[in-house]
Amino acid sequence: MSLHAAHWQLIGATVTAMIGVGSSLYIAITNRRQLMQQGIASLGLQRTTTARTAATFIAEKRQKWIDDLRDDVSLFSALTVEMVEGWKRVFSKLGNQWDERGAPTAPRELEVYLEEVRTFAHDIRERDSLHAQALTRIMLRLNGDEYAHRELTEGFYKVRASVSLLRLNAMKHEYANQHIYDSIDSQMTLAQVYAKAILGEEWRKLKREVADPERLIEGILATRPPDDAAVKAFVIKAAQSVPSPLSGKNAAELWAQTSTSRYATSEWNKPL
């Protein structure tokens, strides 16, 4: 074999080896790129799946929030009607007796009227307790920074105060309470409108969150828990606006004093 032929043979072997190494590198780089793309796709799929799972979980909680609010608003409304109609019957009965017998002149005669009032108040004590509980649950769910939420809660507190005032008037033998009935009817009508607005908006939020779960998660991750200073400021503000239980004010005056304190918790009452 000539020296020239051996030279070309060496060159050919070298080129072949380089081609082999280059092919191996190309295959390795391609495989690595594919693995990275698959990993990114897998992470994206996992993130999407996690976001959808979280959105579904939150949607279930929001749906329960909606259902519970609707149930408590319905319960509060039904109990309001029941108790007001009951007091109307009591007032009508006592008023007729007062007209027929005349104003009582002796403590014993007056006690007959008071016993009627106490008996009815005792008979509805469980419904009155449920009325107060439903109102408390409604207040704790709502956010005082939102107009409809604030108006609904304020309206229901006015209704509650008016129902309490009926009992006070019965004890004082003030049977002409049409203005209170009219006020309660007006507040209940407005409250139902606000309740529909709140429930409708919460349902729209639920649909938006399910449709765009990643945006929901981003919003949640962007929120920060309140610091100690914010919590302390909230407690001080709430405490300053709570009236003394020994003030002796009637229901309407208590309402006027406490209306501004209902929403000191607004920052903590926001639904999901």
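Distance check: Ile124 CD1 to Thr119 OG1 gives 11.5 Å after rounding to the nearest 0.5 Å. Taken from CG in Leu152 to OH in Tyr157, the straight-line distance is 11.0 Å, to the nearest 0.5 Å. The CG atom of Leu165 sits 6.5 Å away from the NZ atom of Lys172 when rounded to the nearest 0.5 Å. In this structure, the separation between CG on Asp71 and CG on Asp68 is 6.0 Å, given to the nearest 0.5 Å. Annotation: the span from Arg150 atom CZ to Asp145 atom CG amounts to 8.0 Å, rounded to 0.5 Å. Between the OG1 atom of Thr80 and the CG atom of Asp185 there is a distance of 10.5 Å, given to the nearest 0.5 Å.
One hydrophobic cluster, built from ILVMFWY side chains closer than 4.5 Å, holds both Tyr147 and Leu190. In this structure, Val81 is not a member of the same hydrophobic cluster as Met188, with clusters built from ILVMFWY side-chain heavy atoms closer than 4.5 Å. In this structure, Tyr181 is a member of the same hydrophobic cluster as Leu94, with clusters built from ILVMFWY side-chain heavy atoms closer than 4.5 Å. Put simply, Val84 and Met171 are part of the same group of oily side chains (I, L, V, M, F, W, Y) that touch within less than 4.5 Å, one to the next. By the rule that hydrophobic residues join a cluster once side-chain heavy atoms approach within less than 4.5 Å of another member, Leu79 and Ile180 end up as members of separate clusters.
Using a cutoff of 4.0 Å between basic side-chain nitrogens and carboxylate oxygens, Asp72 and Arg141 are scored as salt-bridged.
Among all heavy-atom pairs drawn from Arg204 and Ala197, the shortest one is NH2-O, 4.5 Å. Scanning all heavy atoms of the two residues, the minimum distance from Phe91 to Asn169 falls at CE2-C, 4.4 Å. Here the closest heavy-atom approach between residue Gly155 and residue Gln187 is recorded as CA-OE1, 3.3 Å. A pairwise comparison of heavy atoms in Trp87 and Ala170 identifies CZ3-CB, 3.7 Å as the closest pair.
Val90 places none of its side-chain heavy atoms less than 4.5 Å from the side chain of Leu166. Taking 4.5 Å as the limit, every side-chain heavy atom of Val159 sits out of range of all side-chain heavy atoms of Leu135. Taking the side chain as every heavy atom from C-beta outward, Thr153 and Tyr194 never approach each other to under 4.5 Å. In this structure, the side chains of Met83 and Asp128 come closer than 4.5 Å at one or more pairs of heavy atoms. For the pair Val73 and Ile198, the minimum side-chain heavy-atom distance is 4.5 Å or more.
The backbone N or O of Lys88 sits nowhere less than 3.5 Å from a side-chain atom of Ser92 that would complete a donor-acceptor pair. Of the possible polar contacts, none joining the Ser186 side chain to the Asp182 backbone as a donor-acceptor pair under 3.5 Å is found. Checking side-chain atoms of Arg167 against main-chain N and O of Ser164 turns up no donor-acceptor pair under 3.5 Å.
Under a cut-off of 6.0 angstrom, the local environment of NE2 in His179 is crowded, with over 12 non-hydrogen atoms contributed by other residues, nucleotides or ligands.
Scanning for ring-ring contact (aromatic ring centres under 6.0 Å, His included) contacts around Phe76 gives His131, Phe156, with sequence neighbours left out. For Glu115, the salt bridge (charged side-chain N to carboxylate O under 4.0 Å, His left out) test picks out Arg118, with sequence neighbours left out.
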Dump the intermediate steps for salt bridge (charged side-chain N to carboxylate O under 4.0 Å, His left out) on Asp67 and Arg70, then the final yes or no.
CA-CA 5 Å; Asp67 293 340; Arg70 182 176 57 239; 2.7 Å; yes
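Residues Ser129 and Gln133 have side chains that bring a donor and an acceptor to within less than 3.5 angstrom of each other.
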